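Structure incoming, see below.
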Amino acid sequence: MVDTTPLTQAVDHFADRLRAAPQSRLQRGAAAEALALARELARRAQAVEEPGSEPREMPDAGMFAAADQILVAAHDLAVVVRSDDEVAEAVRAVEEARKRAGV
């Protein structure tokens, strides 16, 4: 069984930072960065669940939903990851997105 704790911890931290961020920070790109991450995590999960199918894109639910969107996408990915390497790769993606978001 793969330990997805590092992924859930990284995403929880990013989501908490987004929720605490002022609206101006979200508008300056933090929310867009979070949405891009959520879409990437969702794409990865879909590639495992439905190999070869065209990935569906997570909709933009607005800047105040960005934290929830990364949590949902990460949870979906955590259910289907098959290796510690996949978890580490996802954690890196989360950390890089958090840094780009400036939160």
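The structure presented is a predicted model; accordingly, all values stated were derived computationally and were not measured. Side-chain atoms are counted along with the backbone in the values below, which use heavy atoms only and exclude waters and symmetry mates.
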message: Tell me whether E49 is salt-bridged to R44, with the criterion being a basic N under 4.0 Å from an acidic carboxylate O.
response: no
message: Please tell me whether S83 and D85 have a donor and an acceptor in their side chains that are separated by less than 3.5 angstrom.
response: no
task: Determine, for E86 against R82, whether the closest basic-nitrogen to carboxylate-oxygen distance falls under 4.0 angstrom.
output: yes
field: Carboxylate-amine/guanidinium proximity below 4.0 Å for D68 and R19
entry: yes
Result of checking Q27, Q23, R28 against R25 for side chain to side chain contact (heavy atoms under 4.5 Å, CB included): R28
- request: Identify the heavy atoms of V48 and P51 that sit nearest to each other, and give their distance.
  value: O-CD, 3.5 Å
- request: Could you tell me whether E57 and R43 make a salt bridge, using a distance below 4.0 angstrom between a side-chain N and a carboxylate O?
  value: no
query: Hey, any chance L35 and M63 share a hydrophobic cluster, counting ILVMFWY side chains that come within less than 4.5 Å of each other, even indirectly?
result: no
field: Test item: V11 and L71 side chains (from C-beta on) under 4.5 Å apart, heavy atoms
entry: yes
message: Closer than 4.0 angstrom, basic N to acidic O: yes or no for R98 and E95?
response: yes
query: Where is the tightest heavy-atom contact between A73 and A42, given as atom of each residue plus distance?
result: CB-N, 4.0 Å
query: Are V2 and D84 close enough that some pair of their side-chain heavy atoms sits under 4.5 Å apart?
result: yes
- request: Would you check if D3 and P6 make a side-chain contact, meaning some heavy-atom pair closer than 4.5 Å?
  value: yes
field: Residue pair A78 / T4: nearest heavy atoms and the distance that separates them
entry: O-CG2, 3.5 Å
task: Please round to the nearest 0.5 Å and tell me the distance separating atom CZ of R17 and atom CG of D12.
output: 14.0 Å
task: For the pair Q46 (side chain) and S53 (backbone), establish whether a donor and an acceptor sit closer than 3.5 Å, ignoring hydrogens and angles.
output: no
query: Do you know the tightest heavy-atom contact between A30 and A101?
result: CB-O, 3.6 Å
- request: Give the minimum heavy-atom separation between E33 and A97, together with the two atoms involved.
  value: CG-O, 3.2 Å
- prompt: With a 4.5 Å limit on heavy-atom distance, are the side chains of V72 and L41 in contact?
  reply: no
- prompt: Quick one: are M58 and E40 in side-chain contact, heavy atoms under 4.5 Å?
  reply: no
task: Would you check, one step at a time, whether the test side-chain contact (heavy atoms from CB on, under 4.5 Å) holds for R39 with D60?
output: CA-CA 9 Å; R39 286 176 172 167; D60 183 346; 4.0 Å; yes
statement: Closest heavy-atom pair, L18 versus A66, reported as atoms and distance to 0.1 Å, is CD1-C, 4.3 Å
query: Is there side-chain contact between L37 and F14, with at least one heavy-atom pair below 4.5 Å?
result: yes
field: Atom pair CG (L7) and CZ (R92), whose distance is rounded to the nearest 0.5 Å
entry: 12.0 Å
field: V94/I70 under side-chain contact (heavy atoms from CB on, under 4.5 Å): CA gap, chis, key distance, verdict
entry: CA-CA 9 Å; V94 171; I70 62 170; over 6 Å; no
